[in-house]
Amino acid sequence: MLDIKFVRDNPETIQQKLATRGGEIAGLDELLSLDGQRREVLQRLEKQRAERNRASDEIAAAKKQKQDVPPERFAGLKQVSNDIKTLEEELKKFEAAQEALLMTIPNLPGDTTPVGNSADDNPVVRTWGEKPQFAFEPKQHFDIGEKLDILDFERAVKITGARFSLYKGAGARLERALINFMLDLHTTQHGYTEVLPPLMVNSQSMTGTGQLPKFKEDLFKVENTDYYLIPTAEVPVTNIHAGEILTDEELPVKYVSYTPCFRSEAGSYGKDTRGLIRQHQFNKVELVKFAKPETSYDELEALLLNAEEVLRRLNIHYRVSCLCTGDLGFSSAKTYDIEVWLPGQNLYREISSCSCFTDFQARRAGIRYRRSDTKKVEFVHTLNGSGLAVGRTFVAVVENYQQPDGSIIIPEVLQPYMGGLKKIG
RNA sequence: GGAGAGAUGGCCGAGUCGGUCGAAGGCGCUCGCCUGCUAAGCGAGUAUACGCCUUUAAAGCGUAUCGAGGGUUCGAAUCCCUCUCUCUCCGCCA
């Protein structure tokens, strides 16, 4: 959510910045007009309230001295009270309308975010490693996995439906090994605190991080409750500090969290129908940071490197691109995508998305901190990134480490997590 | 699921028959004083948001907030209703 005061004072800056995101930037004029009307009503209301408070104090003082209050005094105040009630209702309408509109306006792109129209304009900022050479035609992960009987998609469909998967044997263990490897790396080497949050959250938390109200159709809702299945650990973990005032000594706060994630994938019918790439349920290790505004973009660079380290240690080739303004997510000011090389698909696929949300989520969720120098309370900046999407990492390991005989070599760093196993198949 | 108790400031905790209650008291914290040092002691301060004023900020003025929403009343932390959450006991359960 943008700061209404900033919008009020800098309408042309907002207009310009939002325009770089492309598409419609509806409602800015309406927003300003609502804001004006709201403040006008508010002033009238507060004047009446002040009047009532003054009179109330007089009456109290008189009663204390056992003096009588003339009845006509009350009659006039009754009218003031009625006016207050009317004005309160009016104010509430304007506030609700303004809030609703403000909730649908995306974050402003950061100053260093490249300007562009679509994913085609995303610059690649670096590449790590090299594409592995195969003396044979590399297969896709689902073919390898089914042949080795470590993935069973048919039975997953029977149990639940499309876009679910069943890992078996060494496959299940490999997924678990990846989770543990990532958690251990980020907690022991990168200073993150591990958290294991609820997998269902209420609508307030969903609103805090920006999934609601605009992206309801992407979520699974639990029937007859106010609860939603989380689409990413970002939601519960960012909301850990919702409504709190932190101290600046404790910043940056860094959490790492493994959770399953649930996404309806509405609108992606027919895309990635085979394999683990696009699932309704998938595992992810998520990195979340709360930072001071002046360090947040540096913290983004650090977080990105923390995520990259997973692939470096697995020795898998990848590249990093920076999302341009036209491709940027709703809540984000700046986002890097890590794209891993999948030889079976002969493509780079997104395996992590690392974003700085500036104060956009913090304002919605009410996450603040007190500066020790000025004693002032300010909104923190929130950041997060996958570190990494586990299912897609599984795909990357399987496709990059596949052998001519259909077996898979287990990357060295994972072997301790696999009970010393060096190869599947 | 059944029965009961409760929700007040960073924390603990008081609020009498509704009336200067943003809220006593304590702890914590900050600043100052005092003291060889430390501790103790003494003094002062210590919420957030919004609006107005203002070039900005500060100051100032005003308004709101005692779980949430609604009601009664000139006036509600205090009375009434609804909801949410927490705790205790019983049942069930991993």
Given the P atoms of C50(B) and A58(B), what is the spacing between them in whole Å? 12 Å

Would E234(A) and Q361(A) count as a side chain to side chain contact (heavy atoms under 4.5 Å, CB included) if you check the C-alpha gap in whole Å, the side-chain angles of each, and the deciding distance to 0.1 Å? CA-CA 11 Å; E234(A) 162 192 351; Q361(A) 291 181 327; 2.8 Å; yes

Judged by nearest nucleotide, the residue sitting upstream toward the 5' end of RNA chain B, F74(A) or E51(A), is E51(A)

Using a cut-off of 6.0 Å, state whether more than 12 heavy atoms not belonging to D57(A) lie near its atom CG. yes

I'd like to know if K168(A) and D149(A) make a salt bridge, using a cut-off of under 4.0 Å between side-chain N and carboxylate O. yes

Using the rule salt bridge (charged side-chain N to carboxylate O under 4.0 Å, His left out), only one of R370(A), R371(A), R363(A), K292(A) pairs with E378(A); which is it? R371(A)

Rounded to the nearest angstrom, tell me the gap between atom CG in D248(A) and atom P in G10(B). 18 Å

What is the distance, rounded to the nearest whole Å, between atom CG of L45(A) and atom P of C52(B)? 14 Å

Do any side-chain nitrogens or oxygens of Q43(A) fall under 4.0 Å of OP1 or OP2 in G51(B)? no

Between U48(B), C85(B), C74(B), which nucleotide has the shortest distance from any of its atoms to the side chain of I245(A)? U48(B)

Are any of K92(A)'s side-chain N or O atoms less than 4.0 Å away from OP1 or OP2 of G70(B)? yes

Mark yes or no for a side-chain to base donor-acceptor pair under 3.5 Å between E46(A) and G62(B), with no hydrogen or angle criteria applied. yes

Is the distance from OP1 or OP2 of G75(B) to the nearest side-chain N or O of S81(A) less than 4.0 Å? yes

Give me the residues of residues 2-10 of chain A where at least one heavy atom lies under 4.0 Å from an atom of RNA chain B, by number, or none. K5(A), R8(A)

Considering only the C1' atoms, how many Å lie between C53(B) and A47(B), rounded to the nearest integer? 24 Å

Shortest non-hydrogen pair, P106(A) vs L18(A), comes out as O-CD2, 3.7 Å

Look at K147(A) together with D143(A) and state whether they make a salt bridge at an N to O cut-off of under 4.0 Å. no

Please report the distance separating the C1' of U65(B) from the corresponding atom of U8(B), rounded so that it comes out in whole Å. 12 Å

Which part of the nucleic acid, if any, lies within contact of R44(A), taking any heavy atom under 4.0 Å across all strands shown: a base, the sugar-phosphate backbone alone, or nothing? nothing

Between N202(A) and S205(A), do the side chains contain a donor N or O and an acceptor N or O under 3.5 Å apart? yes

V310(A) versus V285(A): any side-chain heavy-atom pair under 4.5 Å? no

Using a cut-off of less than 4.0 Å, is there contact between a side-chain N or O of N53(A) and OP1 or OP2 of G62(B)? no

With a 6.0 Å cut-off (strictly less than), is the heavy-atom count around CZ of R155(A), excluding the residue itself, greater than 12? no

Heavy atoms only, 4.0 Å cut-off, all strands: where does L42(A) land among base, sugar-phosphate and nothing? sugar-phosphate

Just how far, in rounded Å, is C1' of C29(B) from CD of E249(A)? 12 Å

To the nearest angstrom, how far is F94(A) atom CZ from C50(B) atom C1'? 17 Å

Taken to the nearest whole Å, CG/L91(A) to C1'/C52(B) is 15 Å

Scan V377(A) against the nucleic acid and name what it touches under 4.0 Å (heavy atoms): base, sugar-phosphate only, or nothing. sugar-phosphate

Nearest-Å distance for atom pair CG/P, residues D57(A) and A23(B): 12 Å

My validator wants the stems of RNA chain B: runs of 3 or more consecutive Watson-Crick or G-U pairs, both distances under 3.5 Å, written as range with range. B:1-7 with B:84-90, B:10-12 with B:25-27, B:28-33 with B:41-46, B:47-52 with B:60-65, B:67-71 with B:79-83

Taking OP1 and OP2 of G75(B), is either one under 4.0 Å from a side-chain nitrogen or oxygen of R54(A)? no

Nearest-nucleotide pick for R370(A), side chain only, options being U48(B), G19(B), U73(B): U48(B)

Between R39(A) and C50(B), is there a contact of a side-chain N or O with OP1 or OP2 at under 4.0 Å? no

Mind checking the C1' distance from G10(B) to G22(B)? Whole angstroms is fine. 16 Å

Separation of U48(B) atom C1' from E244(A) atom CD, nearest Å, is 15 Å

Which of Q48(A), K78(A), R49(A) passes side-chain hydrogen bond (donor to acceptor under 3.5 Å, both in side chains) with D83(A)? It is Q48(A)

Rounded P spacing from C52(B) to C42(B) in Å: 45 Å

Would you name the heavy atoms of H141(A) and G275(A) that are closest together and state the gap between them? NE2-CA, 3.4 Å

Using atom P of each nucleotide, how far apart are G41(B) and A49(B) to the nearest Å? 34 Å

When you compare U48(B) with G9(B), how far apart are their C1' atoms, in angstrom units rounded to a whole number? 10 Å

State, to 0.1 Å, how close A307(A) and L287(A) come at their nearest heavy-atom pair, and which atoms those are. N-CD1, 4.3 Å

Using OP1 and OP2 only, check whether a side-chain N or O of K376(A) sits under 4.0 Å from U48(B). no

Which part of the nucleic acid does A50(A) contact within heavy-atom distance under 4.0 Å: base, sugar-phosphate only, or nothing? sugar-phosphate

OP1 or OP2 of G51(B) under 4.0 Å from side-chain N/O of R38(A): yes

For the pair made of CG in L246(A) and P in U48(B), what is the distance, rounded to whole Å? 14 Å

When you compare G43(B) with U35(B), how far apart are their C1' atoms, in angstrom units rounded to a whole number? 16 Å

Can you tell me if R49(A) touches the phosphate of G51(B), counting only side-chain N or O atoms and a distance under 4.0 Å to OP1 or OP2? no

